[in-house]
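What follows is a short report on a single structure.
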Amino acid sequence: MASAILDRFCQKVSQIIQSEGTACFTLGAADNRLYLQSFVDLSQRAVPELGPQVDIDNNTHLTRAVVDAIESDRCIILDEPIHLSDIELGGPVMVVPVIWEREALEPEEEPVKHPVGILTLWGKRGRPTFDDEDQQLAGTLAQQAAALLVEAHLEEFEDIQTAFATVPVGLILIDTEESIIVANAAARQVLQVNVLQGKPLSQVDSRGQLRELISQLQPGAQSQATASFVSPLGETYAASAQLTREGQSILAFTRSPFSTAAEELVGQVAHELRTPLTVIQGNLQTIEAIMGEEVTAEDLQVADEFIGTAIIQSSRMFRLISETLNISRIHAGKEIELDVTEFDLIEALDQILLELADKLAGHQLLRQAPEALTIEGDRDKIMSILDNYLKNAAKYSNPGTTITVSIEDQDGEVAMEVRDEGIGIPPEDIERIGKEPGFRTSASKDQAGGIGLGMVYVRRVTEAHGGQVEIESELGEGSVFRSVLPKHQPSSGSPTTKLELT
Ligand code: ADP
């Protein structure tokens, strides 16, 4: 960053304060090192080889004075000479903190007061040491130095900004105090904020998602963390954070895992729709064949049965399609409407068990439920909860093992639970299921056919009914998925419930 302007400035400082020389250092906030930016010596000494930094924790006369000056925000005077690399600078030496101060730009912002460097003046000409007037002057000059250093930084940031502007993903550079140094247009679009530069991250990260991500970074260069990020518009992005060598964090936003999962979702839905459609088609063909000229009572009975199965399978198709549509609504940040009616949950469970008979055929099924249980809610969506739990239980456990589905009538609430003896879930992954679109546990990655969206839907639907999802699991032993729902929905008018994406 060394510039001719800074050299001229240091020259002027030496003339005004009558020192033999002036050096200007910037302070690396992240690594506590001083970086020499300018060295002006009126006796024309060579510039010291500083290699290029001084660690201010290394406890020399100079560094102790630097720490003192910055902490107390005043000049410190040393009588003894100091060494900068191989050069001895004669005393007295004045160490002047360079603090950048700026008024708050917006009402809710704190004023900025930030140590950015130091000035070192040595060898007072004409008098034994630097007096009060010198110190006052030095303080004023240090303010100019702060402006120069920050301006030079800003130039650097402009370069970064130009580079950022050409990148198709959102990028934000954050300093060690969690303030935004620079951001590109895509990031402003993601966060829906016109000006990001200079703002504390907390101001634009109301749900704390980005601070949580940054907190996962381990000290040390190249540490990385990734999570999904839901924007103020409800769009989901993959956000990744990386630590720079200077301790700053770079945040990058890329397309949502929803988008990358979209093709897989289309494939999976098409695949899932094939089974009920094949049953419906087969049944209709059979009915057509038996409904010849002479229709016996027996034919009618068979037709009746086949029509019944076709109806069940068409309702399964209907639910699959509306589940897919609702997942895309969640993705778009829209509301999901609850069509609340009063219905018998046990009848709904039995319908699901019929619909999924082919998927559950390889397992031992245990059903524990009361005779009947009337609740209020969106029948189709509540059926989707059971549907997902049961399909997952079958998918993530071996054939022959037991799947237990139970419905329990609890005071004012109802617990719907599916228990399996399958692969289980690593403890650290339990919290993430259904919260991060596209998330799959490490234990399930080899399992084909999963895309990590079903549980997002289950969680949203459960919460929209005022209930909660509970997951218990032991790796390699099995899992329990439970939705606890209130039996009654608030009757306060609109059955439409806003699905908050958290
Ligand atoms: P997927 O389509 O991947 O099954 P889900 O959203 O239904 O998506 O589930 C998300 C992830 O949760 C799964 O990928 C899997 O890692 C884990 N999971 C869900 N159900 C079970 C279960 N019964 N046993 C073990 N892991 C499960």
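Residue Glu178 holds its CD atom at 7.0 Å from OG of Ser249, rounded to the nearest 0.5 Å. A distance of 11.5 Å separates CD1 of Ile214 from CD of Gln248, quoted to the nearest 0.5 Å. How far CG of Leu121 is from SG of Cys10: 8.5 Å, rounded to the nearest 0.5 Å. Distance check, rounded to the nearest 0.5 Å: OG1 of Thr324 to CG of Leu453 gives 9.5 Å. Between atom NZ of residue Lys395 and atom CG of residue Asn388 there is a gap of 8.5 Å, rounded to the nearest 0.5 Å. Atom CD of Glu463 is separated from atom CG of Leu485 by 11.0 Å, given to the nearest 0.5 angstrom.
Using a distance-only test at 3.5 Å, with no hydrogens or angles considered, a donor-acceptor pair links the side chain of Asp205 to the main chain of Leu210. A donor-acceptor pair is defined here as one N or O able to donate and one able to accept, closer than 3.5 Å; no such pair exists between the side chain of Arg74 and the backbone of Gly139. Remark: side-chain polar atoms of Ser19 are not paired, donor with acceptor, to backbone N or O of Lys124 under 3.5 angstrom. Side-chain N or O atoms of Arg459 include one that pairs as donor or acceptor with a backbone N or O of Ile433 at under 3.5 Å.
Between Val98 and Ala142 the shortest heavy-atom distance is CG1-O, 3.6 Å. The shortest heavy-atom contact between Leu171 and Ala187 is O-CB, 3.5 Å. Scanning all heavy atoms of the two residues, the minimum distance from Leu475 to Ile425 falls at CD1-C, 3.6 Å. Of all heavy-atom pairs between Ile181 and Ile174, the closest is CD1-C, 4.0 Å. In terms of heavy atoms, Ile385 sits closest to Thr462 at CD1-OG1, 3.4 Å.
Not a single side-chain hydrogen bond (donor to acceptor under 3.5 Å, both in side chains) links Glu177 to another residue, sequence neighbours left out.
Note on residues 116-146: pairs passing ring pair (Phe, Tyr, Trp, His ring centres under 6.0 Å), not counting sequence neighbours, are Phe39-Trp122. Sorted by first and then second residue, the pairs that involve residues 412-427 and meet salt bridge (Lys or Arg N to Asp or Glu O under 4.0 Å), not counting sequence neighbours, are Glu417-Arg419, Glu417-Arg482.
A salt bridge does not link Asp68 with Arg64: none of the charged nitrogens is closer than 4.0 Å to a carboxylate oxygen.
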